Amino acid sequence: MERLKIGVLVSGGGTNLQSILDGVLEGSLSAEVVFIGANKKDAYGLERGREHGIPTEVFERKDFVTKTERDEALLKLLKAHGVELVVLAGYLGQIPSFMIGEYPNKIINIHPSLLPCFGGKGYFGEKVHQGVYDRGMKVSGATVHFVSEETDGGPIILQETVDIDFDDGVSDIQQKVLKIEHRLLPKAIQLIAEGRIEVINGRVRIDQKG
Ligand code: GRF
């Protein structure tokens, strides 16, 4: 099978990126990471990519006159590297509609909750798990979805739950969910690589292997 060319965007530690790199290396992912972009120069995800000799580039907002210029430069590089699927792995930048238009249902994001709960504007990183804790949720989980103009609002590809115990604090919840993320994101990428994902009226149909 032709390996799907993916570009990964990161802002932080890049543990989700690492789960993709591990999947490629162990042969469970029919993909190759051809480019890694970050909107923060100290994103450790960049280092993870450099260790594998993957082209990386930083796109800090302050280095560009406008956000549009920054995003246009990012899109140009994604195209230059032949990226077929854009994966937001802990990326905190907002994806502009012109980039979504260039990659229709080809930009995916991993969110650390069961969307639409604890998603959307203001819900990122620890804030998500704080919300879960404060509400006294008995389950949480992770969601992989296609990126649309609405933050965390695109068609849901995969979700997986995890039980929350009374004694779980915010960081315990975060760690439980992160373990799920590291399985779910590569699984979603593999389904896309195998052409088994179809979006019908905003809902995702997964072709169950015959
Ligand atoms: C993860 O919880 C991810 O869901 C969120 O950012 C967090 C950090 O991800 N989007 P990573 O360790 O940088 O991959």
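Sequence positions, counted from 1, serve as the residue numbers for this chain. Nothing here was measured: the structure is a model prediction, and the numbers come from that model.
Residues Phe146 and Val83 do not share a hydrophobic cluster, defined by chaining ILVMFWY side chains whose heavy atoms lie under 4.5 Å apart. Linking Ile, Leu, Val, Met, Phe, Trp and Tyr residues whenever their side-chain heavy atoms come within less than 4.5 Å leaves Ile108 and Phe35 in two separate clusters. At a threshold of 4.5 Å between side-chain heavy atoms, the hydrophobic network of Ile, Leu, Val, Met, Phe, Trp and Tyr places Leu191 and Val8 in one connected group. Residues Val24 and Leu184 share a single hydrophobic cluster, defined by chaining ILVMFWY side chains whose heavy atoms lie under 4.5 Å apart. By the rule that hydrophobic residues join a cluster once side-chain heavy atoms approach within less than 4.5 Å of another member, Val204 and Val147 end up as members of separate clusters.
To the nearest 0.5 Å, atom CG of residue Leu29 and atom CG of residue Leu185 are 8.5 Å apart. With rounding to the nearest 0.5 angstrom, the CG atom of Leu25 is 12.0 Å from the CD1 atom of Ile20. Put simply, OH on Tyr133 and OG on Ser171 are 10.5 Å apart, with the number rounded to the nearest 0.5 Å. The structure places NZ of Lys41 at 14.0 Å from OG1 of Thr56, a figure rounded to the nearest 0.5 Å. One distance of note links CG of Asp152 with OG of Ser113; it measures 7.0 Å at 0.5 Å rounding. Once rounded to the nearest 0.5 Å, the distance linking CZ of Phe118 with CD of Gln130 reads 10.5 Å.
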Before giving the answer on side-chain contact (heavy atoms from CB on, under 4.5 Å), spell out for Leu78 and Lys76 the whole-Å C-alpha distance, their side-chain angles and the decisive distance to 0.1 Å. CA-CA 6 Å; Leu78 289 168; Lys76 202 164 157 211; over 6 Å; no

Given salt bridge (charged side-chain N to carboxylate O under 4.0 Å, His left out), test Arg50 with Glu47 step by step and report yes or no. CA-CA 5 Å; Arg50 290 182 193 122; Glu47 187 49 38; 3.7 Å; yes

Does the salt bridge (charged side-chain N to carboxylate O under 4.0 Å, His left out) test come out yes or no for Arg70 and Glu60, once each step is laid out? CA-CA 8 Å; Arg70 192 274 304 274; Glu60 290 206 336; over 6 Å; no

Going through the distances and angles, do Val33 and His52 end up as a side-chain contact (heavy atoms from CB on, under 4.5 Å)? CA-CA 10 Å; Val33 180; His52 292 267; over 6 Å; no

How far apart are the C-alpha atoms of Val34 and His81, what are their side-chain angles, what is the distance that settles it, and do they pass the side-chain contact (heavy atoms from CB on, under 4.5 Å) test? CA-CA 6 Å; Val34 295; His81 285 281; 4.2 Å; yes

Steps toward side-chain contact (heavy atoms from CB on, under 4.5 Å) verdict (Thr15, His182): CA-CA 8 Å; Thr15 63; His182 295 162; 2.8 Å; yes

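Contact of the Ile173 side chain with the Val170 side chain is not registered, since no non-hydrogen atoms from C-beta on lie closer than 4.5 Å. Residues Asp172 and Gln175 are not in side-chain contact: their nearest non-hydrogen atoms beyond the backbone lie 4.5 Å or more apart. Residues Lys67 and Gln94 are in side-chain contact: their nearest non-hydrogen atoms beyond the backbone lie under 4.5 Å apart. Annotation: side chain of Lys138 is not in contact with side chain of Ile164 (no heavy-atom distance under 4.5 Å). Looking at heavy atoms from C-beta onward, Val128 lies in side-chain contact with His111 at the 4.5 angstrom threshold. Looking at heavy atoms from C-beta onward, Ile189 lies out of side-chain contact with Val144 at the 4.5 angstrom threshold. Looking at Arg196 and Arg205, their side chains never come closer than 4.5 Å, going by heavy atoms from C-beta outward. Two residues are said to be in side-chain contact when any heavy atoms from C-beta on lie closer than 4.5 Å; Val10 and Tyr91 fail this criterion.
Using cut-offs of 30° and 60° for the angle between ring planes, the Phe64 and Phe59 rings count as parallel.
Nearest approach of Val132 to Ser140, heavy atoms of both residues: CG2-OG, 3.8 Å. For the pair Ile180 and Thr161, the tightest heavy-atom approach, listed with the atom from each and the gap, is CD1-O, 3.4 Å. When all heavy atoms are compared, the tightest approach of Ala142 to Val177 is CB-CG1, 4.2 Å. Nearest heavy atoms, Ser11 versus Gly93: OG-N, 4.3 Å. In terms of heavy atoms, Ile107 sits closest to Ile100 at CD1-CA, 3.9 Å. Summarising the geometry of Val199 relative to Pro155, their closest heavy-atom pair is CG1-CG, 3.9 Å, with the distance given to 0.1 Å.
Residues Glu84 and Lys5 are not paired through a salt bridge, judged by the lack of any N-O separation under 4.0 Å between the basic side chain and the carboxylate. Residues Glu194 and Lys209 are paired through a salt bridge, judged by an N-O separation under 4.0 Å between the basic side chain and the carboxylate.
A salt bridge (Lys or Arg N to Asp or Glu O under 4.0 Å) with Glu160 is found for exactly one of Lys187, Arg183, Lys179, Lys176, namely Arg183. Of the residues listed (Asn16, Ile110, Ile95), the one engaging Leu88 in a side chain to side chain contact (heavy atoms under 4.5 Å, CB included) is Ile95, and it is the only one.
For the residue pair His145 / Thr143, no side-chain donor-acceptor distance below 3.5 Å is found, with atom types taken as modelled. Using modelled atom types, one finds no donor on one side chain facing an acceptor on the other under 3.5 Å when comparing Glu150 with Ser148. Gln190 and Ser28 share no donor-acceptor pair across their side chains, judged by distance under 3.5 Å alone.
For the pair Asp168 (side chain) and Asp165 (backbone), a donor-acceptor distance under 3.5 Å is present.
At most 12 heavy atoms of other shown residues, nucleotides or ligands fall within 6.0 angstrom of atom CZ in Arg135. The number of heavy atoms from other shown groups lying within 6.0 Å of CD (Glu51) is above 12.
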